[in-house]
There are 2 protein chains.
Amino acid sequence: MASRQQQAQLTRKKILDAALELFNENGFDDVRVSDITDKSKTSKGAFYTHFNSKYEIFLEKFKEIDDFYLAFEKEHAALDSPALFLERLHLAQARYLRDELGKDTVRTIYMNLLRPSEKNFVSDPNRPYFQIVKRQIEKGQQAGTFRIDLPVESLSSQWAKAIRGNVYDWCAHDNFDIEEELKQLMNILLDGIKA
Amino acid sequence: MASRQQQAQLTRKKILDAALELFNENGFDDVRVSDITDKSKTSKGAFYTHFNSKYEIFLEKFKEIDDFYLAFEKEHAALDSPALFLERLHLAQARYLRDELGKDTVRTIYMNLLRPSEKNFVSDPNRPYFQIVKRQIEKGQQAGTFRIDLPVESLSSQWAKAIRGNVYDWCAHDNFDIEEELKQLMNILLDGIKA
DNA sequence: GGCATTCAGAGACCAAGGTCTTTGAAAACG
DNA sequence: CGTTTTCAAAGACCTTGGTCTCTGAATGCC
């Protein structure tokens, strides 16, 4: 028989695959842990040895978003206006959230990030998103188009938080055109960080 | 015996009082619905005829914040710089959230606002907070200090959402000085909405 | 007053996320 | 090898928010 470790990895994968498929079909709230263990022919015991919660396994889906950011940066490396870069990045992000992930997924993530037990992966400063924003703002500072009375860290973290407020509200409402709203916000923010 | 309606109101009050007291002592997550019904000498049936969820009753506590905003506006009516008014308002707000309500309460509210069933009371544009912000921004526009290429509605709603992003992050993290962070954000935002 | 109807309230019940105990095979040991 | 230890996995069990059914007193109607 396969080694214990190999077997465990296989079980983990079976659970993960089943879960992601079910989440895609029915959304987080309409998938029971028992649905996942049934579909993957495993058990609660197996589920909770590999994942700490139903939410944690759901996050796996969200992590793809980092690939999106990295791909965007690569694709737009030629663009040398940081302001323009940031604007396009976030409009693309808005479409990605809306069309690829879907409001329901984002809502679930934003909700669960506030659970006391969670360590907040989304606003981890090491994530590609922050690195990219930071690089652009630094570039703008060096070019003299962005203000330098506040450090890059402050400007970029404030930028990110303002954007997050917009995404949060989008999750909480119907009739909210996130692309349009983000455009407006960035209009203001860019004015606020210009030299 | 008291009329049915009177009796019902009394029961409602008993539940509400017991609940708020328990929430204050132990926080939302550590209070069971059964704790509330035990303390108030009522029952699940009574609880759910008067409130739709454990969260809904918790919101009652939060609604006091509107009194805070109204009091602030009254107290600072003499201040005629909208920029200064907004800055002071939000620093006072930061302290109120931190010292009066507490991070845990705010976190719970921000979490539950994203529940699909909730109608978002917090970002209801009729709330005093929005009215106050809107009035100040309008005042600034009329005085020629704030930009007029975007309508008051846009400026104020973007303002509110950016602030909300900051509060959200404060809830999600330890080691986050909300007063300092808000100061920084407003520095940028005010620059962004100035004429 | 007598009868039908309504409705606040009690509490059994249900659903579903998460925990605990148990088991049996694989690894480690000698 | 034989024995002990470890540990993935199974599934019974617990917890707790919320629902459902039932009851009995207040209200409405004649």
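In what follows, chains carry the letters A, B, and so on, assigned in the order in which the sequence lines appear, proteins first and then strands, with residues in each chain numbered from 1. Excluded from the calculations below are hydrogen atoms, water molecules and symmetry mates; all remaining heavy atoms, backbone and side chain alike, are included.
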query: What is the distance from CZ of A:Phe47 to C1' of D:dA10, rounded to the nearest Å?
result: 15 Å
field: Integer-rounded Å distance: D:dG18 C1' and B:Glu56 CD
entry: 13 Å
- request: Provide, to the nearest angstrom, the distance between the CD atom belonging to B:Gln7 and the P atom belonging to D:dT27.
  value: 11 Å
- prompt: Are the aromatic rings of A:Phe72 and A:Phe85 close, with centres under 6.0 Å apart?
  reply: yes
task: Round to the nearest Å and state the distance from A:Arg115 atom CZ to C:dG17 atom P.
output: 11 Å
query: How many Å lie between CG on B:Asp38 and C1' on C:dG11, as a whole number?
result: 12 Å
- request: Would you mind telling me which residue lines up with the more 5' stretch of DNA chain D, B:Gly45 or B:Gln5, judged by nearest nucleotide?
  value: B:Gly45
query: Which word best sums up how the rings of A:Tyr69 and A:Tyr129 line up, parallel for under 30°, tilted for 30 to 60°, or perpendicular for over 60°?
result: tilted
message: Within the 4.0 Å heavy-atom criterion, would you say A:Thr11 contacts the bases, only the backbone, or no part of the nucleic acid?
response: sugar-phosphate
message: Check the orientation of B:Phe23 and B:Phe58. Use parallel for under 30°, tilted for 30 to 60°, and perpendicular for over 60°.
response: perpendicular
- prompt: Could you state the CG-C1' distance from A:Leu10 to D:dA9, rounded to the nearest angstrom?
  reply: 13 Å
- prompt: Is the side chain of B:Thr105 donor-acceptor paired with the backbone N or O of B:Leu101 at a distance under 3.5 Å, no angle test?
  reply: yes
- prompt: Do we get A:Lys161 above B:Tyr168's six-membered ring, with its NZ or CZ under 6.0 Å from the centre and within 45° of the axis?
  reply: no
query: Of the nucleotides D:dG17, C:dG17, D:dA8, which one has an atom closest to the side chain of A:Ala8?
result: D:dA8
- request: Report the nucleotide, chosen from C:dG9, C:dT19, D:dG18, that has the shortest atom-to-atom distance to any side-chain atom of A:Tyr48.
  value: C:dT19
query: Counting side-chain heavy atoms from C-beta on, which of C:dG9, C:dC13, C:dG18 comes nearest to B:Lys44?
result: C:dC13
task: When you get a sec, tell me which of D:dT19, C:dA8, C:dT19 is the closest nucleotide to the side chain of B:Arg4?
output: C:dA8
statement: The nucleotide from D:dA10, D:dT27, D:dG18 with an atom nearest the side chain of B:Ser53 is D:dG18
task: Would you classify B:Ser34 as touching base, sugar-phosphate or nothing, given that sugar-phosphate means primed atoms plus P, OP1 and OP2, and contacts are heavy atoms under 4.0 Å?
output: nothing
task: Would you kindly give the CZ-to-P distance between B:Phe28 and D:dG17, to the nearest whole Å?
output: 8 Å
query: For B:Gln6 and D:dT27, what is the distance between atoms CD and C1' respectively, to the nearest whole Å?
result: 14 Å
